[in-house]
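Scroll down for the structure; my scribbles are underneath it.
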Amino acid sequence: MFPSKLETWGLPISEAKEFNLPMIVADLPYAHETVGTYNGVCFFDVNDANDLKVKMKKAILKEDVFSLATYKNTSPNVCKSWNEVITKL
């Protein structure tokens with residue numbers, strides 16, 4: 001579970017992906033970007049504690065709460081490598 005409202009990139013999300021773990025994460029732009037395309041994620045409304053409670057309970061009871069997330073960043077400011085970052089700087 002990763003409920004942070006104030007992130008620009010969620011390291012725990014990246015770490016969970018590396019180990020192919022299910023995730024319950026904040027339904028915020030940074031989380032969608034960090035999750036990217038991943039099977040086994042559930043987003044929750046960060047302003048609704050009940051939404052988080054319901055989704056956590058379903059996960060604990062092994063009910064179907066996780067699904068495939070797909071995210072494609074369409075920003076023209078996206079760099080695909082460190083070389084691109086250095087070139088743009």
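Given the structure is predicted, the values throughout are model-derived calculations rather than measurements.
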**OP:** Report yes if some heavy atom in the side chain of L68 is under 4.5 Å from a heavy atom in the side chain of T37; otherwise report no.
**Re:** yes
Subject >> Residues that F43 engages under ring-ring contact (aromatic ring centres under 6.0 Å, His included), provided they are two or more places apart >> reply: H32
Original post:
If you round to the nearest 0.5 Å, how far is CZ of F19 from OG of S14?
Top reply: 12.0 Å
Original post:
Would a 4.5 Å heavy-atom cut-off, applied to side chains only, mark K58 and D64 as touching?
Top reply: no
Subject >> Any donor-acceptor pair under 3.5 Å from D27 side chain to D45 backbone >> reply: no
**OP:** Hey, could you give me the NZ/CD1 distance between K55 and I60, rounded to the nearest 0.5 Å?
**Re:** 14.5 Å
Original post:
What's the spacing between L21 CG and F66 CZ if we round to 0.5 Å?
Top reply: 10.0 Å
Original post:
From L52 CG over to C42 SG, what is the distance, rounded to the nearest 0.5 angstrom?
Top reply: 9.0 Å
Subject >> K57 NZ to E63 CD distance, which is reported to the nearest 0.5 Å >> reply: 8.0 Å
Original post:
Just wondering, do P22 and V41 contact through their side chains at under 4.5 Å, heavy atoms?
Top reply: no
Original post:
Under the side-chain contact (heavy atoms from CB on, under 4.5 Å) criterion, do M56 and F44 qualify, and how do the steps go?
Top reply: CA-CA 10 Å; M56 286 178 65; F44 70 93; over 6 Å; no
**OP:** Considering non-hydrogen atoms only, spot the tightest contact between A31 and A26 and give its length.
**Re:** CB-O, 3.1 Å
**OP:** State, to 0.1 Å, how close N39 and S67 come at their nearest heavy-atom pair, and which atoms those are.
**Re:** OD1-C, 3.5 Å
